[in-house]
Engineer: 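One structure is given below, represented as structure tokens, and several questions about it will come after.
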Amino acid sequence: MSWRNSNTTWGSLSRVIHWLSAITIISLFALGLWMVDLTYYDSWYRRTPHIHKSIGLLLFFITLFRLMWLWLTIKPAPLQEHTKIEQILAKVTHGILYLLLFSLMLSGYFISTADGRAIEVFNWFEVSAVFPGIEGQEDIAGKIHYTVAISLIVVVSVHALAAIKHHIIDKDNTLKRMLGLS
Amino acid sequence: MKQSFLAILFASLIILSFNLSAADYQLDTKDAHAFIQFKIKHLGYSWLVGRFNKFDGNFSYDEKNPAASKAAITIDMASVDSNHAERDKHLRGKDFFEVNKYPQAKFISTSFTEGENGQAILQGELTLHGVTKKVSLMVDHIGNGADPWGGYRRGFSATTKLSLKDYNINFNLGPESKEVELFISVEGIKK
């Protein structure tokens with residue numbers, strides 16, 4: 001099994017990034033919902049936003065690399081069993097997932113950098129504020145961040161249910177290809 | 001008919017003359033010679049200072065009859081600025097001001113009692129976070145006179161202390177952070 005993609009299946013690099021992203025996105029969603037309701041004297045009050053932002057920014061760089069990798073290497077061809085409509089739906093869903101993911105990460109970045117502050121990534125490096133803030137930026141970005149996060153989880157569920165449908169009902173290799181079992 | 005007309009005429013004249021002697025002033029928010037600052041203890045270890053950037057108001061003051069003075073201020077709560085966008089976002093949200101539900105705070109005076117050396121007590125009703133309570137402001141008359149550009153100005157500063165709980169703001173910031181102090185400095189331009 002190669003680390004690179006082939007015409008018929010995903011390489012281990014793509015698979016690791018896919019599942020790592022999946023775990024990260026779901027964890028960050030839960031962490032985000034939890035952290036905003038912490039009380040001031042909770043020992044996690046300051047730590048959770050720091051972790052949320054740090055992991056979020058790392059995921060941003062990983063996702064940029066992921067898209068670059070997708071562009072640089074070959075992508076496995078759609079399975080023969082998939083109908084034309086299924087292939088289009090899959091492509092559209094994947095596009096929406098990437099679009100929502102980037103909107104989510106950018107809106108999060110715009111909340112924390114609204115007053116020109118940089119974001120510290122695990123006390124490892126800083127990502128500075130690039131754009132001069134507009135009035136009410138943190139509130140606008142906050143609303144977008146929340147709405148997009150919910151939307152992303154909905155589309156992720158559709159994506160996951162589709163994979164399960166292919167595995168259980170259609171009994172094809174869709175999910176196995178991403179699990180490295182084909 | 002004729003009598004009631006005369007009565008209205010006299011009443012209007014009295015109101016008019018009262019208005020002439022009591023000068024009305026508009027807060028100079030346009031050129032920012034008016035400030036609303038707050039401070040609250042952080043953990044009991046230091047002061048956190050912030051301000052509201054958008055507000056408007058006016059007052060009337062009559063040197064011959066100071067007790068008739070009046071003041072009113074409306075504050076845009078979303079304009080809170082504590083020099084930290086994430087904290088301001090938190091302050092605007094459900095844990096504190098709920099600016100979506102209560103966009104404005106209002107103060108309307110009910111009485112003005114002048115003491116010695118330009119000091120006074122201004123009482124009034126403050127509506128904040130949907131709750132209206134009586135508050136008492138310790139006022140200092142700072143100065144008044146002609147400005148260099150043809151206008152006439154008068155300025156006061158005022159302080160007061162509010163308990164967050166009184167205004168139904170119940171986010172627990174710790175035992176030392178239950179009260180917030182306000183410092184208001186206004187300059188009015190005579191209308």
Side-chain angles (χ1 to χ4, degrees), chain A residues 28 31-54 56-57 104-121 126-150, chain B residues 29-30 32 38-56 75-104 129 163-165 167-180:
Chain A
L28 283 184
L31 184 66
L33 286 182
W34 181 58
M35 72 181 194
V36 294
D37 281 328
L38 289 176
T39 56
Y40 200 58
Y41 274 68
D42 197 298
S43 62
W44 288 98
Y45 184 86
R46 296 182 69 242
R47 243 186 298 170
T48 43
H50 177 64
I51 293 168
H52 185 92
K53 289 183 244 181
S54 298
L57 277 170
L104 187 61
M105 296 185 287
L106 284 176
S107 58
Y109 167 83
F110 283 131
I111 300 172
S112 298
T113 57
D115 53 15
R117 277 179 168 74
I119 302 176
E120 275 184 49
V121 179
E126 275 191 353
V127 178
S128 41
V130 179
F131 303 98
I134 56 161
E135 201 183 314
Q137 180 176 309
E138 62 273 21
D139 298 310
I140 300 163
K143 276 186 191 126
I144 295 172
H145 196 64
Y146 182 77
T147 313
V148 171
I150 305 268
Chain B
T29 49
K30 192 174 152 276
F38 61 87
K39 64 173 183 177
I40 184 165
K41 280 200 179 132
H42 183 231
L43 307 170
Y45 305 149
S46 73
W47 287 111
L48 182 146
V49 183
R51 66 183 193 199
F52 291 93
N53 290 333
K54 282 186 195 157
F55 56 93
D56 213 347
I75 304 165
D76 175 5
M77 294 302 285
S79 73
V80 64
D81 181 355
S82 69
N83 197 23
H84 188 352
E86 285 180 343
R87 178 166 54 213
D88 298 341
K89 179 174 176 288
H90 192 193
L91 289 174
R92 288 182 203 114
K94 63 176 170 32
D95 287 333
F96 295 94
F97 302 154
E98 297 185 88
V99 298
N100 288 335
K101 260 201 244 171
Y102 312 108
Q104 290 184 333
H129 194 228
S163 162
L164 293 179
K165 212 179 73 198
Y167 294 89
N168 209 11
I169 297 172
N170 297 310
F171 190 81
N172 183 20
L173 292 167
E176 297 291 320
S177 310
K178 294 181 173 197
E179 285 185 326
V180 58

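Proteins get letters first, then strands, A, B, ... in listed order; numbering begins at 1 in each.
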Engineer: Would you indicate whether Tyr146(A), at its atom OH, is surrounded by more than 12 heavy atoms from other residues, nucleotides or ligands within a distance under 6.0 Å?
Structural biologist: no
Engineer: Write down the atom of Leu43(B), the atom of Tyr41(A), and the distance for their closest heavy-atom approach.
Structural biologist: CD2-OH, 3.7 Å
Engineer: Can you give me the closest heavy-atom contact between Val36(A) and Lys94(B), atom names plus distance?
Structural biologist: O-NZ, 4.4 Å
Engineer: Do the side chains of Leu173(B) and Tyr40(A) get nearer than 4.5 Å, heavy atoms only?
Structural biologist: yes
Engineer: Check each atom of Gln137(A) against the heavy atoms of chain B and say whether the ones under 4.5 Å are side chain, backbone, both or neither.
Structural biologist: neither
Engineer: Take atom CZ in Arg46(A); do more than 12 heavy atoms of anything else shown fall under 6.0 Å from it?
Structural biologist: no
Engineer: Please classify the contact between His84(B) and chain A as side chain, backbone, both or neither, with a heavy-atom cut-off of under 4.5 Å.
Structural biologist: both
Engineer: Within the supplied structure, the quantity of interest is the number of heavy atoms (other residues, nucleotides, ligands) at a distance under 6.0 Å from Gln104(B) CD; does it exceed 12?
Structural biologist: yes
Engineer: Quick one: closest heavy-atom pair of Asn83(B) and Asp115(A), and the distance?
Structural biologist: O-OD2, 4.3 Å
Engineer: Are side-chain heavy atoms of Arg117(A) and Glu86(B) found at a separation under 4.5 Å?
Structural biologist: no
Engineer: In Å, rounded to the nearest 0.5 Å, how long is the span from CZ of Arg92(B) to CG of Asp139(A)?
Structural biologist: 4.0 Å
Engineer: Under 4.5 Å, counting heavy-atom pairs only, tell me which of Gly116(A), Gly142(A), Ser112(A) racks up the most with chain B.
Structural biologist: Ser112(A)
Engineer: Answer yes or no: are there more than 12 heavy-atom neighbours, outside Tyr45(A) itself, under 6.0 Å from its atom OH?
Structural biologist: yes
Engineer: Report the distance from atom OG1 of Thr39(A) to atom CG of Asp95(B), rounding to the nearest 0.5 Å.
Structural biologist: 10.0 Å
Engineer: Just wondering, are more than 12 heavy atoms of other shown residues or ligands nearer than 6.0 Å to CZ in Arg51(B)?
Structural biologist: no
